[in-house]
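Contents: one structure, followed by commentary.
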Amino acid sequence: MSNRKTSRKTSQARRTRTGDPAEEVTPGMEVEATEGDLGEEDVSKPRVKEVQRDPQGNIEKVVVEKGAIFKKTLEVPADRVQSVEPAQEPVPPAATGKTADEQAREQQPTDGKVMLRTSKEEIKALSARGAEELEESAPEQAETLLEKVEQEVPTTEGLRRLEAQSARIDARRSRSRRANLRRTRPAEATAAAEAVETEAADTEAAETETEAEVASAKHSFSWRDLGPGLLSGMAGNDSSAVTSYSVNGATNGYGQLWLMLLSTPLYQAVQYTCAKVGRITQQGLAELLREHYGRKVAVPASLILIVSNTALIAADLVAIGTGLQLFTGLAWEWFVVPVAVILWYLTVYQNFGVIKRIFLAMSLAFAAYLITGLFSGANWGLVLKGTFVPQIGLNFASISSAVALLGATVSPYTIYWQVQGEKEEKRAGKRKQQLREAALDIAAGTISGNLVAYAIIVCTSATLFTHHESVSTAADAARALEPLLGPYAKYLFALGFIGAGLVAIPVLLASTSYAVSGTFGWPASLWKKPWQNEGFYLILTGALIVSLVVALLGFDPIQLMFSANVLQGILAPVLVVLLFLVGNNRKIMQSYRLGRLTNIGLIAIALVMSAATILLFYGLLTGQGG
């Protein structure tokens with residue numbers, strides 16, 4: 001305690017001698033941090049809420065508040081104030097020779113700005129909610145002779161640290177200039193904005209490359225490097241997808257297994273493109289579409305995702321409810337609202353990295369289909385024929401099943417998720433090594449996810465299609481596991497159904513928020529605290545509420561899950577085409593544009609899915625859809 005008092009007295013004496021910048025702080029000023037993220041670029045800005053003074057009238061603390069809904073209060077000692085830009089009075093239009101409208105468009109913020117001396121570590125350590133206090137800076141004597149020498153003649157490690165700090169400051173200033181330029185008229189700001197964008201991209205890329213090189217020493221790929229690719233592949237087998245695969249097997253037998261074989265390398269091409277775009281540009285797909293193709297492209301693309309994700313989230317909420325129904329015997333409607341509330345809390349306030357591992361482990365229950373396939377009595381001759389010999393049924397049930405199968409495999413949300421996930425994933429090594437690890441990560445997710453889907457179709461074909469039974473309830477779908485588990489089949493199926501839904505819903509919500517946030521230029525990250533990315537989490541919350549309403553409208557659960565994936569299959573080709581354009585744009589990808597095989601894969605999957613969609617609409621127009 002005595003040390004803290006001594007430190008406070010020393011700090012106050014130093015501020016008295018040197019002229020304290022904190023004395024210029026007033027409530028309402030915007031706040032920025034020298035290091036770490038206080039949510040400066042978010043839809044809501046951190047601002048000075050209150051200035052607290054000691055009995056002598058000196059400023060003792062600055063109280064900072066961030067967020068309107070997800071609020072965070074931070075008490076900052078006065079000696080943490082590094083600099084203050086005082087508020088400026090607006091210049092009268094007459095003094096500039098411009099009209100009032102022109103002046104309003106070009107007017108800069110006049111609230112003033114406070115720069116706080118912080119570190120990344122202490123900002124990262126702040127909790128998700130509540131009030132906290134930063135510790136006081138160390139007294140002036142803490143700057144030792146060694147530290148002074150480090151500034152004058154820095155060592156190699158010190159030089160790297162100084163370069164990294166300089167790069168972060170430059171990047172922050174560039175982003176601030178970008179935001180200011182957006183307030184000006186588009187015709188006058190275009191050239192300047194492009195120059196600033198290039199400068200910021202180069203600065204951030206250089207910083208990332210330097211950090212990656214330092215971390216890459218003798219690094220080899222391991223299971224720990226599996227990240228968004230594996231999660232995307234496993235989350236793709238959500239409850240609604242499992243239902244679609246089950247309906248496909250019960251309706252078409254082994255006849256559409258060839259689509260799983262065909263879609264695996266094509267799905268790999270789509271996901272690798274997403275990863276490459278995210279890794280090279282360090283931007284989300286919505287941001288890239290907005291900046292390079294305008295909102296006339298970005299907004300419709302986001303709407304596609306919002307519509308498809310709303311249907312899928314509603315379907316997965318119902319699926320979790322039906323899984324709990326198999327365990328308890330209670331109607332699934334009783335579980336939907338509590339499940340939604342619990343998932344919202346876990347996604348917003350808890351560590352997503354820990355949660356996803358638990359949910360992924362639960363969803364691995366569907367791997368039982370791989371073993372069940374060996375005991376299902378499947379006709380392996382027909383299985384091989386269905387896998388390698390394309391069979392096309394032109395009836396509406398067959399076409400709609402094909403569209404749902406493709407939609408469950410290549411979904412709009414996995415496209416947005418993979419781009420953003422790779423952007424945020426920390427991979428060691430230089431660019432080429434990072435891309436190689438991303439490709440292996442994606443291959444693990446694509447192959448494992450599609451192998452489980454393949455096994456589900458084989459099992460349901462052998463047990464349901466063979467006996468002319470359909471899938472009307474979750475219990476019907478669970479019967480495909482009875483050759484292995486007998487009467488316990490429904491319980492393992494229920495566990496997998498619940499786990500798969502729990503994995504998918506946070507990913508679906510996050511991808512929706514990524515799209516909308518990127519379209520409006522807001523920061524987006526599932527790894528940040530809710531007060532840091534308030535706009536992102538408000539979108540996530542709104543998407544869950546809308547989906548919950550849809551889930552409670554009383555649709556048939558199985559039909560809702562199946563139809564949600566049909567919708568995915570209809571909408572996904574549009575995003576694949578946009579992904580193709582982004583991946584081959586020299587301005588965006590520079591020397592890392594897509595290779596020939598990847599381009600062939602993207603074109604092929606877009607053509608296959610578009611053809612299936614055309615046949616589906618033809619069936620509807622000719623009355624085959626009932």
Side-chain angles (χ1 to χ4, degrees), residues 37 39-45 66-70 175 178-179 182 228 232 235 274 277-278 281-317 340 343-344 347-349 352 411-424 504-551 564 567-568 571-572 574-576 578-579 582:
D37 181 14
E40 294 95 333
E41 298 180 31
D42 193 22
V43 62
S44 61
K45 309 295 182 185
K66 168 68 173 70
I69 303 298
F70 300 104
R175 288 193 294 267
R178 252 184 299 177
R182 290 192 189 105
S232 182
C274 294
V277 168
T281 66
Q282 287 297 295
Q283 289 184 287
L285 183 58
E287 296 174 78
L288 291 169
L289 293 176
R290 173 177 56 83
E291 291 183 9
H292 295 277
Y293 299 94
R295 286 188 176 174
K296 62 183 179 182
V297 174
V299 171
S302 294
L303 287 175
I304 287 174
L305 186 75
I306 292 168
V307 170
S308 61
N309 278 9
T310 299
L312 275 183
I313 295 168
D316 282 329
L317 284 172
L343 274 175
W344 175 83
T347 305
V348 172
Y349 288 111
F352 181 67
S411 300
Y413 80 88
T414 61
I415 293 174
Y416 274 88
W417 168 265
Q418 187 65 46
V419 175
Q420 188 74 26
E422 189 61 34
K423 168 193 167 185
E424 296 185 18
I505 288 176
V507 174
L508 287 162
L509 289 170
S511 65
T512 304
S513 290
Y514 288 143
V516 179
S517 298
T519 300
F520 288 100
W522 300 340
S525 175
L526 198 60
W527 304 94
K528 296 287 182 66
K529 307 292 193 309
W531 56 268
Q532 291 173 309
N533 277 1
E534 186 172 39
F536 174 83
Y537 283 100
L538 286 175
I539 296 165
L540 186 150
T541 302
L544 182 59
I545 292 172
V546 173
S547 300
L548 179 60
V549 172
V550 173
L567 185 61
Q568 305 295 300
L571 297 176
V574 179
L575 294 184
V576 173
L578 292 175
L579 197 60
V582 169

Problem set entry | Pairwise distance CG(L548) to OG1(T310) - rounded to 0.5 angstrom | 12.0 Å

Problem set entry | Check: Q568 side chain, S308 main-chain N or O, donor-acceptor pair, under 3.5 Å | yes

Exercise. For the residue pair R295 and T519, what are the closest heavy atoms and their distance?
Worked result: NE-O, 3.4 Å

Exercise. Within the side chain of T281, is there an N or O that forms a donor-acceptor pair under 3.5 Å with the backbone of Q283?
Worked result: yes

Exercise. Between D42 (side chain) and P523 (backbone), is there a donor-acceptor pair under 3.5 Å?
Worked result: no

Exercise. How long is the gap from NZ on K296 to CZ on R290, to the nearest 0.5 Å?
Worked result: 15.5 Å

For this session: Give the intermediate values and the outcome of side chain to side chain contact (heavy atoms under 4.5 Å, CB included) for residues E287 and K423.
Result: CA-CA 12 Å; E287 296 174 78; K423 168 193 167 185; 3.5 Å; yes

Exercise. Just wondering, do S517 and I539 contact through their side chains at under 4.5 Å, heavy atoms?
Worked result: yes

Exercise. Passes side chain to side chain contact (heavy atoms under 4.5 Å, CB included), F70 versus T541? Steps please.
Worked result: CA-CA 11 Å; F70 300 104; T541 302; 4.0 Å; yes

For this session: Return the minimal non-hydrogen interatomic distance between Y416 and S302, and the atom names on each side.
Result: OH-N, 3.8 Å

Seminar exercise, completed: Nearest heavy-atom contact between S547 and N309 is OG-O, 4.5 Å

Problem set entry | Y293, OH atom: more than 12 neighbouring heavy atoms under 6.0 Å | yes

Seminar exercise, completed: CG (L575) and CD1 (I415) are apart, to the nearest 0.5 Å, by 5.0 Å

Problem set entry | F536: partners by ring-ring contact (aromatic ring centres under 6.0 Å, His included), with sequence neighbours left out | Y514

Problem set entry | Side chain Q420, main chain A524, donor-acceptor under 3.5 Å | yes

Exercise. Is the backbone of L540 close enough, under 3.5 Å, to the side chain of S513 for a donor and an acceptor to pair up by distance?
Worked result: yes

Exercise. Once you round to the nearest 0.5 Å, how far does OG of S411 lie from CH2 of W417?
Worked result: 14.0 Å

Problem set entry | Shortest non-hydrogen contact from L509 toward L544 | CD2-N, 3.7 Å

Problem set entry | Nearest heavy atoms of S511 and L305, plus distance in Å | O-CD2, 3.1 Å

For this session: Give the minimum heavy-atom separation between P300 and V297, together with the two atoms involved.
Result: CD-O, 3.3 Å

Exercise. Any sub-3.5 Å donor-acceptor pair from E534's side-chain atoms to I69's backbone N or O?
Worked result: yes

Exercise. Looking at CG of L285 and CD of Q418, how far apart are the two atoms once the value is rounded to the nearest 0.5 Å?
Worked result: 12.0 Å

Problem set entry | Main-chain N/O of W344 paired to T347 side chain as donor or acceptor, under 3.5 Å | no

Problem set entry | Step-by-step side chain to side chain contact (heavy atoms under 4.5 Å, CB included) determination, T414 to V507 | CA-CA 8 Å; T414 61; V507 174; over 6 Å; no

Exercise. Distance from I313 atom CD1 to I545 atom CD1, nearest 0.5 Å?
Worked result: 12.0 Å

For this session: Please tell me if the side chains of V299 and L303 come closer than 4.5 Å, counting only heavy atoms from C-beta onward.
Result: yes

